[in-house]
Student: 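Quick one: structure below, then a few questions.
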Amino acid sequence: MAESKTKPPETRAAGRRAKPPAPLYADRYDPQAIEQKWSERWAQNPELYRASTPADAKVASAGGPGAALKKYYVLEMLPYPSGALHMGHVRNYAIGDALARYMWMQGYNVLHPMGWDSFGLPAENAAIQNRTPPKQWTLHNIASMKRQMKRLGFAYDWSKEVTTCLPEYYRWNQWFFLKLFERGLAYRRKSKVNWCPKCATVLANEQVLPSGCCWRHEDTLVEQRELEQWFLRITDYADELLQGLDKLQGWPEKVRTMQRNWIGRSEGTLVDFRLDGVAGPAGDRIPVFTTRVDTIYGATSLQLAPEHPTVTDLIANNPELLAKVEDLMAEQRRAKEAGDIGEIEKHGVFTERYAINPFNGERVPIWVANYVLMDYGTGAIMSVPAHDERDYEFAKKYGLDIRVVIYPRREGDASSGEPNEPVLPFVETNSLVINSGEFSGLPSEDVIARMSKYAEEHGFGKATVTFRLKDWGISRQRYWGTPIPIIYCAACGIVPVPEKDLPVLLPENVEITLAGDGVPGAPVVGTTGWGGSPLGKVPEFVNVSCPKCGGRAHRETDTMDTFVDSSWYFYRYTDPTLSDRPLDPDTVGYWFPIDQYIGGVEHAILHLIYSRFWTKVMRDMGLVHNAEPAERLFTQGMVIKGGAKMSKSLGNVVSPDDMIARYGADATRMYTLFGGPPDRDLDWQDDGIKGISGFLSRVYRFVARNANQGRAAGSAGSTGLSPAARRVQRKLHQTIRRVTEDFGGRWHFNTSIAAVMELVNELYAYEDSVQRGEPSAPPSLLADAQHRLVLMLAPFAPYLAHELWETLGETSDLLRAPWPQYDAALAKEEEVEYAIQVNGKIRSRIVVPADAGEQEVRELALADEKVKAAIAGKEIIKVLVVKGRLVNVAVK
RNA sequence: GCGAAAGUGGCGGAAUUGGCAGACGCACCAGACUUAGAAUCUGGCGGGUAAAACCGUGGGGGUUCGAGUCCCCCCUUUCGCACCA
């Protein structure tokens, strides 16, 4: 029991002594004292939240040999150690912690780990600003955030902690990279990359906002640069990543849709159009991707993206055209930046060159158009104005030929007969092909297959599938990341670092400054922002001898995208101390897949698609058996305030530390669950948390003055109870049912907590009834109610629950105490109130025994005075009785 | 433009399959206890009325004995995708 720190209670007690009744209320709820007490106890017992190993779980199982204790892996997305937790973290972890504690109480062997996604840009930026080494800054942040998590009472198994910026972890990033390289899944190529001038580094496609700006610098436009980059062949898994989504029934539909869009699978045909006349370095043919090859006889031009390599070949000696194409390019870029590509007016330039349609040998003019995108398909399209809205608009504008080759099918006529003249552009596929040589008269769908086959047989095309998904560029020109374990040798070329030489350690004696920002005399051995990799400025890192020939060589100086770290961290949790392997397949086999993953929807694409990819690669390597990392995914809503995202600039940031100091950790985390359903945004109300604090206080006071009721004797019967006592009993069992159902189903903890509040209100009403002279309940009932109340509180407010568990005289470990069961018979109402409607309007209410028959209810309803008055003089058409709810009398 | 989710008191939100709209909490009002305040307890609290009637779930239609819930049309907000060939 928390001791009171202040004097006033004494004076209050003294003041009250004078008059009866005796002081009703015990000491005030003091969350700080309670939480400090239990924090200390928990700190002394690090085994408390430790997951049993698979072997131990077997032993612990009561089910005999072979029957392992059932496992449950609950995982929350690990934070970036920015320095302090924000409310969004608190909400995320409060959900996970409630679930983990509930599953423990349900008897599961729970794995509930936490770690740090600790590589990344902010550490470097902080290093530049504060002249602190990134590692020091990061580890310092980790320490303080870990302290916050412990203060919040989250039940993590810290023996499983993973810190991605430490060599013990990132060496396995390097190991995986080597394995991917061996399997041909990691490769290097020169590529245009997104370059943020402020970050001075390459950004992944996913890190470029739709506006064309950097995700970290929303006001800075991303440029294009050509660099040698390492890529991971995620596109090899595009189909499986897509198909797997159908099986992920435990994932939100929203996330699956987003991933489907991101993968962007599209079936079509690749057709080569031969250039008529000149051919340049880019080749003599232009491949075109189309999903509607059945319309190819209607192609009246080719349209190239402004950045298409062939464009310069075609118009190299025409400065006027070149300038126009430049304009188109600029226009397209501008539209992308503004985010309204899709709405810009279509513009184009005729190159004065032609290509040959391989199907009919026709010469078609080649244009460059601003609505054709280089980064989709082949960057070139055939333009069929009659059967594509965009092409139609373009052709109308520039007076290009429009040739109809698809006709609608007539009603009830599948293959022949007189076609109807279509309204242009006519884009339906359920139609007939005409004016198309040997393909005329056939249905479109058939023609697509036939034409693809024809193209392949004649060597100018084939059926193909394109994806929007691109290979994953992982090279970053940054210091604070995992060094890519590759050595470049003048004689041997690209040489992977031998496995025995791992890890390639990230040098730590590096001071990070911006180029030209060096303090004279300071030991600046690394710089950033000079356009190359900071590690390139560390000679002792760069210069090595070639592992193959022993000659002089140099290391790769780029580091890996931090999404590599987060793609497999949850496997490492199962045994993070392994020093000879990234993971133990048996241990992983026991724990995986993750039963419940919880995090923000902002990771719907990047992290969640990369980690699915990684899992599939690991499966192909024989490391794991599961094809997907997580069985169920829950995306919680954001914590907002006043309808807006919390931000420093809006000044609406609510700090968890402040709330903990004012109301305690229990109230803070519980409010994040009470404020609204967890899948929706939570609008933070400064006064809302007061309600939770007051509720916890009510619980505390009730138990403080009613704890000495003896031991709970389990459910007693309901006979002989006073009405108020019976209400307590009924509400108790109803509440257990509601809370249990919420955990098992909707996860609407806001209503679970509301239900527990109702129970507490009922307990207070009972006390009040005793004050008024009604008979007391048997002590066992009160003891039982308090025990179960505390058990139900445990997942939401662990500090108070533990304190009260002790107050109730319990010495067992609350974390592993069995979750309470309810008795349906005791939860049942003896009487129900029926609403009596006349023509749908409520006219009266009657209370009848719950088991009253329909006929009885009908008679009682019709005998009711108010009902009689309402139906007087009218004819009863129908009397409808809805069991347990209402009676509706229809009259005329 | 396409797709998804949402729109309920002063506020956050309840109402699981069509069946008493507004649970629970905040704010507010009143009372009790206090020298007083804080805290606590009790009661009230959609609009409207003296009380009823009556009106109320973004707007308009519909189905039904009965609609926040189902159907059609429209409006607004948020999110995702967006010349994807």
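Naming: A, B, ... by sequence-line order, numbering from 1 per chain. Given the structure is predicted, the values throughout are model-derived calculations rather than measurements.
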Student: Can you check the distance between B/G3 and B/U8, where both ends of the measurement are the C1' atom (answer in whole Å)?
Tutor: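 Looking at atom C1' only, B/G3 and B/U8 are 26 Å apart.
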Student: Return the 5'-most residue of the pair A/K690, A/R468 with respect to RNA chain B, ranking by each residue's nearest nucleotide.
Tutor: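 Nearest nucleotide further toward 5': that of A/K690.
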Student: Using the P atom on both, measure B/C28 against B/C11 and round to a whole Å.
Tutor: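 After rounding to an integer number of Å, I get 15 Å for this pair.
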Student: In whole angstrom, what separates A/Y663's OH from B/C26's C1'?
Tutor: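 Going from A/Y663 (OH) to B/C26 (C1'), I get 11 Å.
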Student: Is any NZ, NE, NH1 or NH2 atom of the basic residue among A/R256 and A/E253 found under 4.0 Å from an Asp or Glu carboxylate oxygen of the other?
Tutor: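 Result for this pair is yes, salt bridge flagged.
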Student: How far does the P atom of B/A14 sit from the matching atom of B/G25, given to the nearest Å?
Tutor: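 My reading of the P atoms in B/A14 and B/G25 gives 15 Å.
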Student: Any base atoms under 4.0 Å from A/Q303, or only sugar-phosphate, or nothing? Heavy atoms, all strands.
Tutor: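 A/Q303: no heavy atom of the nucleic acid under 4.0 Å.
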Student: Name the stems that RNA chain B belongs to, where each is three or more consecutive Watson-Crick or G-U pairs with both distances under 3.5 Å?
Tutor: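 Stems (3+ consecutive pairs) listed as B:1-7 with B:75-81, B:10-12 with B:24-26, B:28-32 with B:40-44, B:58-62 with B:70-74.
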Student: From C-beta outward on A/L886, which listed nucleotide comes closest to its side chain: B/C81, B/U42, B/G19?
Tutor: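 Among B/C81, B/U42, B/G19, the one nearest the side chain of A/L886 is B/G19.
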Student: Please work out whether B/G66 sits syn or anti, treating a glycosidic angle within 90° of 0 as syn.
Tutor: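 Anti, since the glycosidic angle lies more than 90° from 0.
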Student: Backbone N or O of A/F426 within a donor-acceptor pair of the A/H387 side chain at under 3.5 Å?
Tutor: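 Indeed, once roles are kept as given, a pair shorter than 3.5 Å links the two residues.
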Student: Round to the nearest Å and state the distance from A/L880 atom CG to B/U64 atom P.
Tutor: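 In whole Å, B/U64 P and A/L880 CG are 15 Å from each other.
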Student: What is the distance from CD of A/E345 to P of B/G1, rounded to the nearest Å?
Tutor: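 Those two atoms, CD and P, are 18 Å apart.
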Student: So which protein nitrogen or oxygen atoms get under 3.5 Å of nucleotides 46-56 of chain B's nitrogens or oxygens?
Tutor:
unit_1	atom_1	unit_2	atom_2	d
B/C54	OP1	A/R843	NH2	3.3

Student: Work out how far the C1' atom of B/G9 is from that of B/A27, and round it to whole angstrom.
Tutor: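 Result for the C1' pair: 12 Å, nearest Å.
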Student: A/Y376: what forms a ring-ring contact (aromatic ring centres under 6.0 Å, His included) with it, not counting sequence neighbours?
Tutor: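 Listed in chain order: nothing, the list is empty.
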Student: Work out how far the C1' atom of B/A32 is from that of B/A23, and round it to whole angstrom.
Tutor: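 B/A32 and B/A23 have their C1' atoms separated by 27 Å.
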Student: Does a side-chain N or O of A/S266 approach OP1 or OP2 of B/A85 to a distance below 4.0 Å, or not?
Tutor: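 So the side chain of A/S266 is within the cut-off, an N or O lying under 4.0 Å from OP1 or OP2 of B/A85.
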Student: Look at the aromatic rings of A/Y29 and A/Y700 and report parallel, tilted or perpendicular, splitting at 30° and 60°.
Tutor: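 Ring orientation, 0 to 90° scale: tilted.
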Student: Might you work through the salt bridge (charged side-chain N to carboxylate O under 4.0 Å, His left out) test for A/R403 and A/D401, ending with a clear yes or no?
Tutor: CA-CA 6 Å; A/R403 189 183 309 157; A/D401 287 349; 5.1 Å; no
Student: For the side chain of A/L373, counting heavy atoms from C-beta on, which of B/G25, B/G19, B/C84 is nearest?
Tutor: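 The nucleotide sitting nearest to the side chain is B/C84.
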Student: Any ion pair linking A/D864 and A/R843 (charged N to carboxylate O, less than 4.0 Å)?
Tutor: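 Between A/D864 and A/R843 there is no salt bridge, as every charged N stays at least 4.0 Å from the carboxylate O atoms.
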Student: Could you check A/R727, A/R730, A/K731, A/R698 and say which one makes a salt bridge (Lys or Arg N to Asp or Glu O under 4.0 Å) with A/E758?
Tutor: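 So, applying the salt bridge (Lys or Arg N to Asp or Glu O under 4.0 Å) to A/E758 and each of A/R727, A/R730, A/K731, A/R698, only A/K731 qualifies.
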Student: Write down the distance separating the C1' atoms in B/G10 and B/G47, rounded off to the nearest Å.
Tutor: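 One C1' to the other, the span is 13 Å.
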Student: Between A/E331 and A/N370, is the side chain to side chain donor-acceptor pair (under 3.5 Å) condition met? List the steps.
Tutor: CA-CA 7 Å; A/E331 225 171 89; A/N370 65 350; 2.8 Å; yes
Student: What integer distance in Å separates A/L245:CG from B/G80:C1'?
Tutor: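 Computing the A/L245:CG to B/G80:C1' distance gives 15 Å.
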Student: Measure from the side chain of A/N888, starting at C-beta and using heavy atoms only, and say which of B/G66, B/C84, B/A85 lies closest.
Tutor: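 Side chain of A/N888 sits closest to B/G66.
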Student: Name every residue in residues 384-395 of chain A that has at least one heavy atom under 4.0 Å from any atom of RNA chain B, in order of residue number, or write none if there are no such residues.
Tutor: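 Of all residues in residues 384-395 of chain A, the ones placing a heavy atom under 4.0 Å from RNA chain B are A/R390.
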Student: Is the backbone N or O of A/I640 less than 3.5 Å from a side-chain atom of A/D681, with the two atoms forming a donor-acceptor pair by type?
Tutor: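 Such a contact is absent between A/D681 side chain and A/I640 backbone.
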Student: Hydrogens and angles aside, do A/D391 and A/Y371 bring a side-chain donor and acceptor to less than 3.5 Å of each other?
Tutor: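 There is such a pair (donor and acceptor under 3.5 Å, judged by atom type) between the side chains of A/D391 and A/Y371.
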Student: Any base atoms under 4.0 Å from A/V372, or only sugar-phosphate, or nothing? Heavy atoms, all strands.
Tutor: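 Touches a base.
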Student: Among B/A85, B/G25, B/C81, which nucleotide sits nearest the side chain of A/Y376?
Tutor: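 Among B/A85, B/G25, B/C81, the one nearest the side chain of A/Y376 is B/A85.
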Student: Assuming nearest nucleotide by heavy-atom distance, tell me which of A/M757 and A/R885 is located more 5' along RNA chain B.
Tutor: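 Per heavy-atom nearest nucleotide, the more 5' residue is A/R885.
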Student: Does a salt bridge link A/E393 with A/K397, judged by any charged N lying under 4.0 Å from a carboxylate O?
Tutor: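 Salt bridge: no.
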Student: Suppose we call two aromatic rings close when their centres sit under 6.0 Å apart. Are A/F359 and A/F460 close by that rule?
Tutor: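 Close enough - the centres of the two rings lie under 6.0 Å apart.
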Student: Which of the following nucleotides, B/A23, B/C81, B/U42, is nearest to the side chain of A/A754?
Tutor: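 The listed nucleotide nearest to A/A754's side chain is B/A23.
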Student: How would you list, by chain and number, every residue that makes a salt bridge (charged side-chain N to carboxylate O under 4.0 Å, His left out) with A/R669, sequence neighbours excluded?
Tutor: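 In terms of salt bridge (charged side-chain N to carboxylate O under 4.0 Å, His left out), with neighbours along the sequence ignored, A/R669 is linked to A/D97.
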Student: Rounded to the nearest Å, what distance is computed from the OH atom of residue A/Y766 to the P atom of nucleotide B/C41?
Tutor: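 That distance rounds to 18 Å.
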Student: Is there a donor-acceptor pair under 3.5 Å between the side chain of A/N92 and the backbone N or O of A/G88?
Tutor: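 No.
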Student: Round to the nearest Å and state the distance from A/Y764 atom OH to B/U40 atom C1'.
Tutor: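 Value for this atom pair: 9 Å.
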Student: Which parts of nucleotides 3-15 of chain B does protein reach within less than 4.0 Å, heavy atoms only, written one letter per nucleotide 5' to 3' as B for base, S for sugar-phosphate only and - for none?
Tutor: --------BBSSS
Student: If we take the P atom in both B/G12 and B/G1, what is their distance in whole Å?
Tutor: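 Pairwise P distance, B/G12 against B/G1, rounds to 29 Å.
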Student: When you compare B/C79 with B/C54, how far apart are their C1' atoms, in angstrom units rounded to a whole number?
Tutor: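 Rounded to whole Å, the distance is 41 Å.
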Student: Determine the interplanar angle of the A/F394 and A/Y398 rings, folded into 0 to 90°, and report it as parallel if under 30°, tilted if 30 to 60°, perpendicular if over 60°.
Tutor: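 The rings of A/F394 and A/Y398 sit tilted, inter-plane angle from 30° to 60°.
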Student: Could you tell me how far apart A/R698 (CZ) and B/U40 (C1') are, to the nearest whole angstrom?
Tutor: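 Rounded to the whole Å, the gap is 10 Å.
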Student: Hey, can you tell me if A/F743 and A/F749 have their rings parallel, tilted or perpendicular (30° and 60° cut-offs)?
Tutor: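 Tilted, since the angle between the ring planes falls between 30° and 60°.
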Student: Over how many whole Å does the gap from A/E762 atom CD to B/C24 atom C1' extend?
Tutor: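 My rounded result for the distance is 14 Å.
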Student: Just call it for A/E833: base, sugar-phosphate, or nothing, with non-hydrogen atoms closer than 4.0 Å on any strand.
Tutor: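 Since a base atom lies under 4.0 Å of A/E833, the category is base.
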